[in-house]
Colleague: 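Dumping the structure here so I can ask a few things about it.
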Amino acid sequence: MIRICSLLLALLATPLAADPRGPIHVIDGDTFDIGGTRVRLHGVDAPEQAQLCGEGTAQVWSCGAWVTQEVRARYEGRAARCTALGQDGYGRTLARCDVDGADLGRTLVSDGLAFAFRRYSMDYDLDEKRAVVALRGLHREEIDRPSDYRAGMRQAQAVANSAGAPEDCAIKGNISRKGERIFHAPGQEHYGATQISTAKGERWFCTEAEARAAGWRKARR
């Protein structure tokens with residue numbers, strides 16, 4: 001109980017992250033450097049830099065790069081005031097930001113430069129629907145939602161990384177930079193991204209028992 005109380009007191013004593021403020025440097029359509037802090041806008045999702053749009057009879061075009069250019073033209077160097085909400089898995093500060101009193105996320109979604117990220121927030125749901133009806137920005141063309149695009153890229157990478165696996169032997173025996181032998185089973189978080197290099201001594205296993213017997217431990221996630 002004493003240890004738990006000490007941990008709680010330590011957490012309460014930890015200062016909250018400062019709300020980012022300052023000039024905007026645009027990284028991509030939903031990510032910025034503001035006052036020395038890497039900020040990911042909360043509740044919106046813009047196309048990835050390399051994302052292409054258009055399919056079927058539509059002309060394929062670089063919609064991700066276009067969005068970045070549009071956002072940069074509008075906001076590079078302008079002052080932003082943000083409210084920090086937490087951190088994402090990449091260590092970026094999740095925040096809502098205002099520029100000249102206007103909600104930056106809402107403006108991007110309303111103008112068809114980003115999508116409402118409904119998985120995390122419904123704040124901009126109606127703004128996106130209005131942009132779709134008005135055919136603003138990205139909604140003039142056929143486009144995959146950025147989250148679907150990323151999922152497709154992860155799946156493609158997972159298939160590529162699994163090429164060369166022996167039949168029915170899909171467990172990946174990876175060696176970390178520190179030399180630790182770790183195996184990844186299908187369904188684990190980093191399975192798809194893990195590549196096997198037999199030249200480095202990495203290998204495939206048919207069962208977890210086989211991997212453990214060979215000196216590999218299972219990845220924690």
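Predicted model, so just to flag it, every value in this text is computed and none were measured.
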Colleague: Hey, is the main chain of Thr198 close enough, under 3.5 Å, to the side chain of Arg203 for a donor-acceptor pair?
Modeller: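 Not at all, since once roles are kept as given, no pair shorter than 3.5 Å links the two residues.
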Colleague: Measure the OG-CD1 distance between Ser197 and Ile175 for me, rounded to the nearest 0.5 Å.
Modeller: 8.5 Å
Colleague: Applying the 4.5 Å side-chain criterion to the ILVMFWY set and letting contacts propagate, would Ile24 and Leu85 be lumped into a single cluster?
Modeller: no
Colleague: Is Arg74 paired with Asp111 through a side-chain N to carboxylate O contact shorter than 4.0 Å?
Modeller: yes
Colleague: Under 4.0 Å between a Lys/Arg side-chain N and an Asp/Glu carboxylate O for Arg81 and Asp98?
Modeller: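 No, this pair does not count.
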Colleague: Rounded to the nearest 0.5 Å, what separation is found between the SG atom of Cys63 and the CG atom of Leu52?
Modeller: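 Between atom SG of Cys63 and atom CG of Leu52 there are 6.5 Å.
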Colleague: Determine whether a donor-acceptor pair (N or O, by modelled atom type, separation under 3.5 Å) exists between the side chain of Thr31 and the backbone of Ile27.
Modeller: no
Colleague: Report yes if the side chains of Leu94 and Tyr120 come closer than 4.5 Å at any heavy-atom pair, otherwise no.
Modeller: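 Counting from C-beta outward, Leu94 and Tyr120 never come under 4.5 Å.
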Colleague: Please answer whether the main-chain N or O of Tyr149 pairs with a side-chain N or O of Asp144 as donor and acceptor at a distance below 3.5 Å.
Modeller: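 Pair absent, no side-chain N/O of Asp144 close to backbone of Tyr149.
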Colleague: List the steps, then state whether side chain to side chain contact (heavy atoms under 4.5 Å, CB included) holds for Leu41 with Phe32.
Modeller: CA-CA 8 Å; Leu41 285 182; Phe32 313 97; 3.5 Å; yes
Colleague: Salt bridge or not for Asp28 and Arg40, using N-O below 4.0 Å?
Modeller: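 No, this pair does not count.
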Colleague: How many angstroms lie between CG in Leu113 and CG in Asp30, if you round to the nearest 0.5 Å?
Modeller: 11.0 Å
Colleague: Looking only at heavy atoms, what is the nearest atom pair of Ile34 and Ala80, with distance?
Modeller: CD1-CB, 4.0 Å
Colleague: May I ask you to decide if Gly173's main-chain N or O and Trp204's side chain share a donor-acceptor pair within less than 3.5 Å?
Modeller: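 Absent.
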Colleague: Taking side chain as C-beta onward, heavy atoms only, is Leu108 less than 4.5 Å from Val71?
Modeller: yes
Colleague: Can you name the closest pair of heavy atoms from Cys53 and Glu142 and give their distance?
Modeller: CB-O, 3.8 Å
Colleague: Working to the nearest 0.5 Å, report the span between CD of Glu128 and OG of Ser110.
Modeller: 10.0 Å
Colleague: Decide yes or no on side chain to side chain contact (heavy atoms under 4.5 Å, CB included) for His42 and Ser121, but give the supporting numbers first.
Modeller: CA-CA 8 Å; His42 174 72; Ser121 173; 3.6 Å; yes
Colleague: Under the criterion side chain to side chain contact (heavy atoms under 4.5 Å, CB included), I'd like the reasoning laid out for Met122 against Phe117: C-alpha separation, chi angles, the key distance, then a yes or no.
Modeller: CA-CA 7 Å; Met122 294 297 290; Phe117 211 170; over 6 Å; no
Colleague: Please determine whether a side-chain nitrogen of the Lys or Arg among Glu202 and Lys172 lies less than 4.0 Å from a carboxylate oxygen of the Asp or Glu.
Modeller: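 Lys172 and Glu202: not salt-bridged.
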Colleague: What's the separation between atom CG in Asn174 and atom CD in Gln195, rounded to the nearest 0.5 Å?
Modeller: 9.5 Å
Colleague: Ignoring hydrogens, what is the shortest heavy-atom contact between Asp45 and Pro146? Give both atom names and the distance.
Modeller: OD2-CB, 3.4 Å
Colleague: Ala131 and Gly112: which non-hydrogen atoms are nearest, and at how many Å?
Modeller: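 Shortest heavy-atom separation between Ala131 and Gly112 comes out as CB-N, 4.4 Å.
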Colleague: Give a yes or no answer on whether the side chain of Gln188 reaches the backbone of Ala219 with a donor-acceptor pair at less than 3.5 Å.
Modeller: yes
Colleague: Show, in sequence, the C-alpha distance, side-chain angles and deciding distance for Arg92 and Gln87, and conclude whether the side chain to side chain contact (heavy atoms under 4.5 Å, CB included) test is met.
Modeller: CA-CA 5 Å; Arg92 300 173 297 188; Gln87 281 194 331; over 6 Å; no
Colleague: Would you check if the side chain of Gln51 reaches a backbone N or O of Gly64 as a donor-acceptor pair within less than 3.5 Å?
Modeller: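 It does not hold such a pair.
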Colleague: What about the rings of Tyr75 and His25, do their centers lie closer together than 6.0 Å?
Modeller: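 Between His25 and Tyr75, which both carry aromatic rings, the centre distance is not below 6.0 Å.
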Colleague: Tell me whether Arg217 is salt-bridged to Glu180, with the criterion being a basic N under 4.0 Å from an acidic carboxylate O.
Modeller: yes
Colleague: For the side-chain hydrogen bond (donor to acceptor under 3.5 Å, both in side chains) test, which of Thr83, Asp123, Asp19 pairs with Arg96?
Modeller: Asp123
Colleague: Can you name the nearest heavy-atom pair linking Thr207 to Ile171, along with the distance?
Modeller: C-CD1, 3.4 Å
Colleague: Give a yes-or-no answer on whether the side chains of Tyr124 and Asp103 include a donor-acceptor pair shorter than 3.5 Å.
Modeller: yes
Colleague: For the backbone of Val26 and the side chain of Glu76, can you confirm whether one donor and one acceptor N or O come within less than 3.5 Å of each other?
Modeller: yes
Colleague: Answer yes or no: is there a donor N or O on one side and an acceptor on the other, between the side chain of Glu70 and the main chain of Val67, under 3.5 Å?
Modeller: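 Looks like no, no N/O pair under 3.5 Å.
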Colleague: So that I can tick it off, tell me whether Asp148 and Arg145 are bridged by a salt bridge, with the cut-off set at under 4.0 angstrom between side-chain N and carboxylate O.
Modeller: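 No.
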Colleague: Find the distance between OG (Ser62) and CD (Gln69) and round it off to the nearest 0.5 Å.
Modeller: 8.5 Å
Colleague: How close do Cys82 and Arg21 get, heavy atom to heavy atom, and via which atoms?
Modeller: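 Taking every non-hydrogen atom into account, N-CG, 4.5 Å.
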Colleague: Salt bridge check: are Arg220 and Glu189 linked by an N-O gap of less than 4.0 Å?
Modeller: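 Salt bridge flag = no for Glu189 with Arg220.
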